[in-house]
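Scroll down for the structure; my scribbles are underneath it.
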There are 2 protein chains.
Amino acid sequence: MANEREVTIYDIARELNISATTVSRGLQDHPTISKKTKKKILELADQMGYRSNHFARSLRNQKTNTFGIIVPRLNSHFMSSVIAGIENAANEQGFSLLIAQSSESSVKEASSARTMFDSRVDGLLVSLAVDTTELTHFDNFFKKNIPVIFFDRVQQHESSVNILIDNRQAAYNATRHLIEQGCRKIIHITAPAVQNVYKDRLKGYKEALSDHKIKFREDYVLITNLSQEAGATAAQTILQMKPMPDGIFVANDSCAIGCMLAMKEQGIRIPEDIAFVGFNNDPVTQVIAPNLTTINYSGYEMGQVAARHLINHVRDVSFISSTNTIILRSELIIRASSLRKGSK
Amino acid sequence: MANEREVTIYDIARELNISATTVSRGLQDHPTISKKTKKKILELADQMGYRSNHFARSLRNQKTNTFGIIVPRLNSHFMSSVIAGIENAANEQGFSLLIAQSSESSVKEASSARTMFDSRVDGLLVSLAVDTTELTHFDNFFKKNIPVIFFDRVQQHESSVNILIDNRQAAYNATRHLIEQGCRKIIHITAPAVQNVYKDRLKGYKEALSDHKIKFREDYVLITNLSQEAGATAAQTILQMKPMPDGIFVANDSCAIGCMLAMKEQGIRIPEDIAFVGFNNDPVTQVIAPNLTTINYSGYEMGQVAARHLINHVRDVSFISSTNTIILRSELIIRASSLRKGSK
DNA sequence: TTGAAAATTGCAACCGATTGTGTTATTTAT
DNA sequence: ATAAATAACACAATCGGTTGCAATTTTCAA
């Protein structure tokens with residue numbers, strides 16, 4: 001079972017009695033090679049089982065045909081949808097993916113970025129860790145003009161594109177929905193306003209309140225890490241408030257779930273006592289009783305859009321990088337957790 | 001913002017008035033280079049911001065320092081844990097990861113394998129798609145002696161290693177638990193016995209029945225695709241059985257959940273009317289009411305073990321490949337979905 | 001038939017790192 | 001002090017493909 005040597009363009013050239021140059025050009029469909037020669041090359045290449053050597057090509061071209069992806073975690077429905085979308089668009093165009101997770105740590109994020117940089121990826125797709133406050137660890141990329149696209153959890157940077165939803169509007173709709181269901185004392189559970197995902201959601205929440213003449217209360221905003229456990233902890237805090245709040249808008253589903261479970265355990269009725277709205281439309285929202293009202297948006301699509309944009313950017317040198325932000329659609333999905341009988 | 005040229009070993013060599021050979025060897029900590037020279041090289045390299053060129057090195061070494069991973073889906077808690085584990089072990093040793101998902105299609109799996117092959121990964125970690133019946137699409141790897149490790153969803157192959165849990169035993173324990181809870185008419189919902197994960201679970205189920213003098217009934221085994229929707233469909237089938245079964249062992253959690261939800265909707269009480277046991281210990285098992293009894297095993301660990309094994313295999317030429325199968329620990333976690341009051 | 005434009009194809013350098021072999025400098029032994 | 005052994009480093013070929021420019025062949029109008 002000895003390793004047979006790989007077939008190279010030189011082997012093909014020798015066989016055909018032409019130069020490696022011609023083979024190389026023939027394989028690339030270069031216009032100066034005659035159709036006849038091209039055909040011969042292609043056929044023989046196929047027959048001999050030729051496969052191009054990425055490294056030789058990358059070494060010469062200074063291009064890798066690989067994108068790096070850095071996400072906080074892989075294990076959410078949303079993120080794996082995004083990756084599926086990216087994969088779909090990237091594979092279609094012959095790009096490979098190098099994937100890393102930051103585990104919500106900006107330190108790990110920086111180290112992954114470094115790895116990606118050293119791997120010479122042609123572009124980077126990033127959703128930021130929750131504690132990432134600045135983007136200096138991407139400076140390498142910016143300096144070398146390697147395109148970086150941020151999605152979902154983004155931050156403004158002059159030389160990169162952001163792809164996300166209108167978090168302010170989505171949060172506004174969520175909050176307004178709670179208000180329309182008769183809620184007046186509405187809690188907002190979210191993460192530190194470092195990421196503007198959360199900043200914007202808070203803004204939307206505030207605006208909805210204000211538009212309905214409900215006074216914003218600082219103590220109604222609970223800052224957590226949005227984990228399921230954090231939801232349970234928040235529940236304890238909320239249950240001790242007097243008077244008891246009657247609505248909760250949580251900035252993600254799993255935290256909302258944690259909160260709901262803890263409340264249910266205390267005998268709180270949902271939505272009668274407290275109505276809930278989450279964010280992301282994770283499948284678990286349809287497992288919990290009552291089903292969780294939430295904001296839905298397509299990770300798959302976001303991934304596709306991000307990848308396609310990146311591909312365009314890489315392919316087209318003259319790509320007009322005036323695009324700064326791309327906003328995708330999102331919608332409120334109303335389920336039992338927020339539907340109060342006898343309301344309005 | 002012009003792209004500055006990369007620093008190469010030649011630049012370092014010129015600066016230090018030594019040869020590139022020495023720089024290369026110095027960087028590799030080669031024994032024939034004096035400590036003094038090494039130190040100088042390392043320092044200057046660092047100072048000049050040198051980073052080694054993967055491609056040049058790969059081209060020369062015929063090694064990529066990259067592993068390929070192919071999994072059915074990324075969006076399960078289990079799989080993302082596995083990947084986290086792999087990432088942890090691989091990064092530690094300086095390996096990069098190329099990740100692809102087969103979406104449970106052996107066709108996509110084959111195409112991903114091809115991509116990985118063309119990318120010249122040094123090794124492959126695979127969890128098979130549910131409909132993969134043969135491994136010919138990995139022949140390329142086998143032929144070239146590129147190590148392939150299968151995990152969780154495995155198939156026997158003379159030249160590859162399998163890493164998994166004892167599915168037969170786990171299923172046996174799950175079924176025995178149901179029997180001990182007083183169940184006598186126990187359904188098993190699973191996938192086609194193409195993957196021996198499912199074959200073994202079925203075997204364990206049968207053995208537990210037989211050991212407790214319960215007759216195995218062919219019609220109590222429901223073959224599905226194990227999706228949540230399939231669980232709901234299965235529920236309808238089961239509800240029409242007379243007499244009604246009193247226990248269900250499902251080969252994964254999300255299908256179990258789908259089934260439970262559909263049953264609850266029909267007013268079936270769990271576990272009083274029907275007891276449930278799932279498989280995987282997905283977080284959602286602790287969201288559903290009642291919480292789902294399930295089989296727990298660590299994806300993270302499985303990933304680490306798989307990656308470490310692969311690294312050893314790649315590093316050590318003389319690695320004794322007598323290892324064929326590695327079995328990891330698993331355990332039954334008993335929760336409310338199967339705990340019947342008043343039973344034994 | 002001839003000369004020039006157009007169409008094809010080849011030469012050779014280059015991308016950056018690695019390594020077998022040879023060379024020079026330094027020790028050690030005699 | 002001199003031969004022999006050892007340490008430290010350099011030469012040059014190699015991995016496989018790409019590309020500017022030159023060389024050759026074909027085509028076609030005059």
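All chains are named by letter (A, B, ...) in the order of the sequence lines, taking the proteins before the strands, and each is independently numbered beginning at 1.
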Quiz item: So does A:Arg25 reach the base of D:dG20 with its side chain, donor to acceptor, closer than 3.5 Å?
Solution: yes
Quiz item: Within the structure shown, what part of the strands sits under 4.0 Å from B:Ile18 by heavy-atom distance: base, sugar-phosphate, or nothing?
Solution: sugar-phosphate
Quiz item: What's the shortest heavy-atom distance between B:Val148 and B:Ser160, and which atoms?
Solution: O-CB, 3.0 Å
Quiz item: More 5' along DNA chain D: B:Ser19 or A:Ser24, using each one's nearest nucleotide?
Solution: B:Ser19
Practice problem: Please tell me which of the listed nucleotides, C:dT9, C:dT21, D:dT18, lies nearest to the side chain of A:Arg60? | Solution: D:dT18
Self-check item: Non-hydrogen side-chain atoms of A:Phe141 and A:Met116 separated by less than 4.5 Å
Solution: yes
Quiz item: Could A:Arg153 and A:Glu104 be called an ion pair, given the rule that one side-chain N must be under 4.0 Å from one carboxylate O?
Solution: yes
Quiz item: What bend angle does the helix from C:dT1-D:dA30 to C:dT30-D:dA1 show across its length, from five-pair end axes and to the nearest 10 degrees?
Solution: 50°
Quiz item: With sugar-phosphate meaning primed atoms plus P, OP1 and OP2, does A:Thr21 contact a base, only sugar-phosphate, or nothing at under 4.0 Å between heavy atoms?
Solution: base
Exercise. Scan A:Thr32 against the nucleic acid and name what it touches under 4.0 Å (heavy atoms): base, sugar-phosphate only, or nothing.
Key: base
Quiz item: Could B:Arg120 and A:Glu6 be called an ion pair, given the rule that one side-chain N must be under 4.0 Å from one carboxylate O?
Solution: yes
Practice problem: Would you kindly compare B:Ala56 and A:Ala20 by the position of their nearest DNA chain C nucleotide and give the one closer to the 5′ end? | Solution: A:Ala20
Exercise. Would you indicate what B:Ser58 reaches in the nucleic acid, counting non-hydrogen atoms under 4.0 angstrom: base, sugar-phosphate, or nothing?
Key: nothing
Exercise. Tell me what B:Phe55 touches on the nucleic acid: a base, only sugar-phosphate, or nothing, going by heavy atoms under 4.0 Å.
Key: nothing
